[in-house]
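Remarks on the structure that follows.
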Amino acid sequence: MTQNLVIVESPTKSKTIGRFLGKNYTVKASMGHLRDLPKSQFGVDIENHFTPKYINIRGKGELIKELKSLAKKADKIYLATDPDREGEAIAWHLGYLLGVKPEDPCRISFHEITSRAVKDALKHPVPIDMDKVDAQQARRILDRIVGYKLSPLLWRKIRRGLSAGRVQSVAVKIICDRQKEIDMFEPEEYWTASVKLAKDRKSAKFTADVVKKDGKKLSIHNGEEAAQVTADLKAASYSVTDSSVKDRVRRPYAPFTTSSLQQEAVKHLNFTTRRAMLVAQQLYEGVPIGRSKQPVGLITYMRTDSVHLAAEAVESIRSFIGEQYGASYVPVKPHVYSSRKNAQEAHEAIRPTDVKRTPAEVAKYLDRDQLRLYTLIWNRTVACQMASSISAVTTLVISAGAYELRAAGSVIKFDGFLKLMDKKEVDAEKTKKVPNLPKGTELVLIGVDEAQQHFTEPPANYTEATLVKELEEKGIGRPSTYATIINTILSRGYVAKEGKKILPTELGKLTVEMLSQYFKELIDVKFSAHMEDELDAISEHKADKEKVLEEFYEPFAKALEVADKNIPVVEKPVEVSDEICPNCHSHLIVKEGRHGKFLACPQFPKCRYTKPILVKIGVACPKCGHDIIERHSKTGRLFYGCSNYPECRFTSWDKPVNQKCPVCGSIMLEATERGGKKVLYCSNEECTNGRPRKKTVRKTKRGNE
């Protein structure tokens, strides 16, 4: 009896695939990489053509032994690792361990784990793609060069524990640059004005915004100017000078790539990028479905930058749309979407493996996260092949003396793909109803709205979703690496999250400042994007691995030498406190960690006693009476909290003061308004003496948003 060995990466995947194949097949999981560069040494021979020194990963010995034993008994070995560069490299390493030659037809790949896809791949095995392997090795070696050559320099010169990464450092710089923009931003005051109008007293009223005065864009800078505009509007006569009704056609969004799936999962499901990829991996590898509880792959491969859909998948989706929603929802021709530059068109976008498995049908077999992500993918995939939505947009241009006003509204005539979009998308099309009035129609003024004061705002801090979008647009890293990049810079303390915001820490700012001074090219966005293009070129047989590594290493080595000579060692004097260590009776010294200063025993590592430094502000906690102290967030931002934490969880960004609210008796807080003005307000959110909030909008280089 012929015996075949199929090796995949994960046990879940092996179970799913094993169910499709007969007794002649043994399916085993490699559990990811089995060989890698050593952690204890550099592991790359620079002088010998950048030759990597691979070793078996510690703890994988028994698994390697088992796979070798199975390989000896097998008549044929198939390497079925993931269909990307990393998967190709794992297949190459497996081949090395099991005695399979790269040129042998041993490699099979599929973009969905279905019986048809797996069996079809087994009919067409191919050699290992050494161009993809070279591209993965080049990336690994580049990252090793930066990590193992630059990090020790940071340790010696600045602070132990610092490290640098080829892509991660660029991401941190992008976040630091945004924070600088925010810190340097100076808000500008401006006002807006609008009126309520109607054709006559019996007709429905509508709102018109003031946009021009004397033919020029209206700018209202302060309250005095706003009062004058309001007075003018009250005295003016109104008439329609132009009117139009046009159809607005909205084409559906493209199906998901790795990047767009991460962005939407963060935005709509409140996932992290890492969580989104973990759940997507589960859906891809197989989830027990139906009475048999056999694992079924529900989506195609989740690491892709292509928006292409297979012709048979498109046909199946269009047929499903016609059956479920009617012929009017099926466009005459299938929608075709263009992928970004360097996208691998041989791959597919992320889609359900079977469109007939609706979210409602599989809901009882999935956990909450799996169902929510599957629903997001299913809706986006089906919607991408539905007819466009059509809205009737009515626009009125209105004159009022020297002023020009505009009123616009839209009504959905045909919802099309919006039928499967979330409520926010649909609501975006339903702005407001505006009557279609002919040119010259005299209007009745119902009332002048109170002029609204606004202040321009700086660009927003990055969230995981907007950072992924920025990295993709600038060509930094690849979509499959974004979750890892974000997780790395968070875990190393270069950035931290406050709510959804990603903010740089003092550690991140310090590292970027040093790298910008001595390794400017390394963290240059354009240079980093160029290196990604070079790695793509290697995978497409358009560039040589060794040449790309040489072009990077030579200037990097020179910069490393210059930095080593010129960066002064930051010697910080030891600050001894009056407090005594309770364990060894030494005087505690002041140390500085990722999140600020603390007290520690000087006998470390023999004695590991530490103690936080409490800075009291002289105000008692309103909840429990203990002292309120200064604290710092992970990003170094100052806030105030109770010293009795975690028993008491009172916190405030604004400084508490020894003053009671005259309305409710709660503690007062001190805030700093624009211009440095200090204001006091009640800490009780339900009190009428709370802090007044002014409306703001964001102002960017492209204008108001």
Side-chain angles (χ1 to χ4, degrees), residues 154-155 158-163 172 175-176 179 183 461 487-514 570-659 666-672 683:
L154 300 180
W155 278 51
I158 301 177
R159 184 189 300 171
R160 286 185 65 83
L162 286 184
S163 62
V172 177
I175 294 165
C176 288
Q179 190 61 50
D183 293 342
N461 285 106
N487 190 54
T488 299
I489 61 178
L490 282 166
S491 63
R492 289 182 179 169
Y494 295 129
V495 301
K497 288 177 75 173
E498 286 186 2
K500 285 192 173 184
K501 295 178 182 178
I502 299 180
L503 306 175
T505 62
E506 290 305 314
L507 182 67
K509 292 175 184 177
L510 180 67
T511 305
V512 166
E513 186 180 337
M514 195 284 295
V570 182
E571 292 285 357
K572 294 187 177 179
V574 177
E575 187 179 341
V576 182
S577 75
D578 294 330
E579 296 202 41
I580 304 296
C581 174
N583 296 337
C584 65
H585 309 294
S586 301
H587 277 274
L588 297 177
I589 61 174
V590 178
K591 288 274 193 177
E592 192 168 343
R594 285 181 175 177
H595 311 312
K597 294 181 178 180
F598 62 95
L599 294 176
C601 184
Q603 302 303 319
F604 179 87
K606 290 182 180 179
C607 179
R608 295 177 176 269
Y609 179 79
T610 60
K611 180 181 179 181
I613 295 175
L614 304 182
V615 180
K616 300 176 183 179
I617 64 170
V619 179
C621 174
K623 288 189 176 181
C624 69
H626 283 75
D627 289 310
I628 293 178
I629 60 172
E630 291 183 356
R631 292 189 179 275
H632 290 85
S633 69
K634 290 181 180 180
T635 61
R637 184 179 172 188
L638 175 68
F639 71 97
Y640 303 90
C642 183
S643 59
N644 194 30
Y645 177 87
E647 282 72 22
C648 178
R649 294 180 176 268
F650 172 82
T651 58
S652 171
W653 289 115
D654 292 327
K655 187 176 182 179
V657 295
N658 269 324
Q659 191 171 326
S666 299
I667 195 172
M668 297 290 281
L669 303 176
E670 182 182 79
T672 304
S683 59

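Here the side chains of Asp627 and Leu614 are not in contact, with every heavy-atom distance at 4.5 Å or above. Contact annotation: the side chain of Lys611 never approaches that of Phe598 to less than 4.5 Å [non-hydrogen atoms, C-beta and beyond]. Using a 4.5 Å heavy-atom threshold, the side chains of Cys601 and Leu588 count as touching. Annotation: side chain of Asn461 is not in contact with side chain of Ile502 (no heavy-atom distance under 4.5 Å). A 4.5 Å side-chain heavy-atom check between Phe604 and Lys591 finds every atom pair outside the cut-off.
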ask   = Taking it one step at a time, do Glu630 and Tyr640 satisfy side-chain contact (heavy atoms from CB on, under 4.5 Å)?
value = CA-CA 5 Å; Glu630 291 183 356; Tyr640 303 90; 3.9 Å; yes
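The structure places NZ of Lys497 at 11.0 Å from CG of Leu503, a figure rounded to the nearest 0.5 Å. We find the CD-CD1 distance between Glu579 and Ile589 to be 13.5 Å, quoted to the nearest 0.5 Å. One finds the SG atom of Cys607 at 4.5 Å from the CG atom of Asn583 (value rounded to the nearest 0.5 Å). Distance check: Tyr494 OH to Cys176 SG gives 11.0 Å after rounding to the nearest 0.5 Å. Remark: Ile629 CD1 to Cys642 SG distance equals 8.0 Å, nearest 0.5 Å. The NE2 atom of His626 lies 8.5 Å from the CD atom of Glu647; values are rounded to the nearest 0.5 Å.
When the side-chain hydrogen bond (donor to acceptor under 3.5 Å, both in side chains) test is applied to Asp578, no partner is found at least two apart in sequence or on another chain.
Taking a 6.0 Å sphere around CD of Glu670, one finds it holds more than 12 heavy atoms contributed by other residues, nucleotides or ligands. Other residues, nucleotides and ligands contribute at most 12 non-hydrogen atoms within 6.0 Å of the NZ atom of Lys501.
Panel note: side chain Arg649, backbone Gly641; no donor-acceptor pair is recorded below 3.5 Å. Without hydrogens or angle criteria, Ser683 side chain to Ile667 main chain gives a donor-acceptor distance under 3.5 Å.
Annotation for Tyr609 and Cys581: closest pair CB-SG, 3.8 Å, computed over non-hydrogen atoms. What you find for Asn658 and Ala620 is that their closest heavy atoms are OD1-N, 4.5 Å. The two residues Pro656 and Val619 come nearest to each other via the heavy atoms O-CG2, 3.6 Å. In terms of heavy atoms, Val172 sits closest to Ile489 at CG2-CG2, 3.6 Å. Contact record, Gly493 with Thr505: O-OG1, 2.5 Å, taken as the closest heavy-atom pair. Contact detail for Phe650 and Ile628: the closest heavy-atom pair is CE2-CD1, 3.6 Å.
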